[in-house]
2 protein chains.
Amino acid sequence: MSYLDRMTSDDAPVIGRSGSYAKGVARRREILDRAIEVFTERGADGTSLRRIAQALGVSHAALLHYFDSREQLLVAVYEHAEARRDEENHGHRPERAVDVMVEAAMLNVEVPGLVQLYSTLVAAALEADSSASKSFFTTRFENVREQLTNDLRRDQEAGLVRDDVDAKDVAALIVAASDGLQIQWLLEPSIGLQETLRAFSALLAPPAAR
Amino acid sequence: MSYLDRMTSDDAPVIGRSGSYAKGVARRREILDRAIEVFTERGADGTSLRRIAQALGVSHAALLHYFDSREQLLVAVYEHAEARRDEENHGHRPERAVDVMVEAAMLNVEVPGLVQLYSTLVAAALEADSSASKSFFTTRFENVREQLTNDLRRDQEAGLVRDDVDAKDVAALIVAASDGLQIQWLLEPSIGLQETLRAFSALLAPPAAR
DNA sequence: GTCTATACGTCGATAGAC
DNA sequence: GTCTATCGACGTATAGAC
């Protein structure tokens, strides 16, 4: 079950009733596809409900039938774009967990507007106590850190990563460094995203490998 | 000359004319002081020109005599809050450059709303080609990285930091890790900001110290 | 220089008709 | 499911009082 199948409680179509469920899912996907295009072209500020609706040929109120709010729509757009990024790159996985993040960052930065959307949503997540973005990023960070921690522990046991640092701390650092560097790179591409991330990777090499 | 003395070209008071310059600066400071309070209480979304103006007892249009736009005002608020943070902490400087950033992050996170304001402005900086935030963060990142690079080179020569990594890369990584971790910590304080940043610090220790 | 008053266009969100 | 109509609030701009 993908995120596309998630509907809000009050407008979720009944499954099995003349295909209305699949239709709702398809409509959601159409909206998200157009929305990411609008976002890429005009940025976060230019991506109002009215503009997305215009691109679809409907009124802006129609969009709120599929998403509770603009913010929730933007979160869905991010998930959608991220999933597409991964589909297009069903390639090889690097040996070490660190390098998985390095490659993900490189891919991220190639999708126009994706980092910008990410930053916009992170800022929104730090807003009021309850927002659509807040729960999304809280669980997202949690999941990514946990996955990464496990992979790092495995790498440490295999002697691929130095074991004198806590895997949990390193996991949080990798996520932070990756996120932060993508922003710095967008503002100043001359810093060299790949080289810098590889430097981080080098810091994690076990003493024997040096 | 501090950032408070910077005025936009068309409304800059003439220096030496019956103290109007100092008055303008004082008024700016009043506005910024109230604005940071509003921001702390209500967040970025709740910090409209009208609300700041209300807190000052003036109309919202009055604020635009001191700042060209809301975004420029918010940038000034961030600079102001950051300067205050540094004033209150004219304390000791750690031996290594890395640990300067560790302490700065700890202080940042203690000022309510500061990280949120930072995130908001970063998101704005990634927006259109020309925004008040964009030039601010571009030069800010540049300056911080340059200062940090020099300090790191010094530490490397002194044998305090391992010298098998490029100081330039490490500088960008430190900024990225610090920024990224502050966000993760705000969403999940249990990750332990200080411990995690110290883990990064440990990765930079020279082989001899291990 | 400082500020008020006012207006313009846009926004997210909601209510109710079809 | 989608529409229109409408609401309150927003950033910005301008004209003019003092």
Side-chain angles (χ1 to χ4, degrees), chain A residues 7-8 10-14 17-31 34-35 38-39 42-75 77 120 124 127-128 131-133, chain B residues 7-31 34-35 38-39 42-75 77 120 124 127-128 130-133:
Chain A
M7 313 285 280
T8 49
D10 47 357
D11 63 358
V14 180
R17 273 258 285 168
S18 67
S20 65
Y21 177 73
K23 204 169 168 200
V25 172
R27 187 65 172 137
R28 270 173 78 96
R29 182 177 282 114
E30 282 172 18
I31 294 173
R34 294 298 289 152
V38 173
F39 195 95
R42 330 240 348 175
D45 262 26
T47 307
S48 63
L49 290 177
R50 281 173 172 84
R51 228 185 271 274
I52 300 171
Q54 189 185 21
L56 285 157
V58 296
S59 75
H60 76 279
L63 301 182
L64 295 176
H65 220 63
Y66 298 91
F67 305 92
D68 286 348
S69 66
R70 173 180 180 261
E71 193 181 333
Q72 200 167 97
L73 168 59
L74 288 186
V75 170
V77 168
T120 301
E127 279 285 316
S131 70
S133 312
Chain B
M7 313 287 280
T8 48
S9 55
D10 48 357
D11 62 359
V14 179
I15 303 181
R17 274 256 287 166
S18 67
S20 65
Y21 178 72
K23 200 168 170 204
V25 173
R27 188 65 173 137
R28 270 174 78 95
R29 183 177 281 114
E30 282 172 18
I31 294 173
R34 294 297 291 151
V38 174
F39 194 94
R42 331 243 344 178
D45 262 26
T47 307
S48 62
L49 290 177
R50 283 169 171 86
R51 227 187 271 276
I52 300 170
Q54 189 186 22
L56 285 158
V58 296
S59 76
H60 72 278
L63 301 181
L64 294 177
H65 268 275
Y66 300 91
F67 305 93
D68 286 346
S69 66
R70 173 181 180 260
E71 194 180 333
Q72 199 166 96
L73 167 59
L74 288 186
V75 170
V77 168
T120 302
E127 278 287 315
S130 75
S131 69
S133 313

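Because the structure is a prediction, the values reported are computed rather than measured.
With hydrogens and angles disregarded, a donor-acceptor distance shorter than 3.5 Å links the side chain of A/Arg70 to the backbone of A/Thr47. Not one N or O on the side chain of B/Glu127 forms a donor-acceptor pair closer than 3.5 Å with the backbone of A/Gly43.
Following rounding to the nearest Å, A/Ile52 (CD1) and C/dT10 (P) show an atom-to-atom distance of 16 Å. In this structure, the CG atom of B/Leu63 is 13 Å from the P atom of D/dC10, given to the nearest Å. As rounded to whole Å, 15 Å separates atom P of D/dG11 from atom CG of B/Asp68. In this entry the distance linking CZ of B/Phe67 with P of D/dA13 reads 16 Å, nearest Å. Atom CD in B/Gln72 sits about 14 Å away from atom C1' in D/dG11, given to the nearest Å. Between B/Leu56 atom CG and C/dT2 atom P the separation is 14 Å, expressed in whole Å. When the P atom of D/dC3 is taken as reference, atom CG of A/Leu64 falls 12 Å away, rounded to whole Å. At whole-Å resolution of the value, NE2 in B/His65 and P in D/dT12 are 15 Å apart.
Candidate nucleotides D/dT2, C/dT4, D/dT12 were compared by shortest atom distance to the side chain of B/Arg70, and D/dT12 ranks first. Out of D/dG11, D/dC3, D/dC10, the shortest distance to the side chain of B/Arg51 is found at D/dC10. Comparing C/dT4, D/dC3, C/dT2 against the side chain of B/Ala61 picks out C/dT4 as the nearest. For A/Arg50, whose side chain is taken as the heavy atoms from C-beta onward, the closest listed nucleotide among C/dA13, D/dC10, D/dA13 is C/dA13.
At D/dT2, one or more side-chain N or O atoms of A/Tyr66 fall inside 4.0 Å of OP1 or OP2 (strictly under the cut-off). Residue A/Ser48 places no side-chain N or O under 4.0 Å from the OP1 or OP2 atom of C/dT10. Taking side-chain N and O atoms only, A/Ser59 has a distance below 4.0 Å to OP1 or OP2 of D/dC3.
Residue contacts for B/Ala62: at a heavy-atom cut-off of 4.0 Å it reaches a base atom on one of the strands shown.
For D/dT12, the base has a donor-acceptor partner in the side chain of B/His60 [N/O atoms by modelled type, under 3.5 angstrom]. The base of D/dG1 does not come close enough to the side chain of A/Arg27 for any donor and acceptor atom to sit less than 3.5 Å apart.
Atom CD of B/Glu30 is surrounded by more than 12 heavy atoms from other residues, nucleotides or ligands within 6.0 Å.
When all heavy atoms of A/Ser133 and A/Val75 are compared, the closest pair comes out as OG-CG2, 3.9 Å.
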Begin with the C-alpha distance, continue with both residues' side-chain angles, and end with the deciding distance and a verdict on side-chain contact (heavy atoms from CB on, under 4.5 Å) for A/Ile31 and A/His65.
CA-CA 11 Å; A/Ile31 294 173; A/His65 220 63; over 6 Å; no
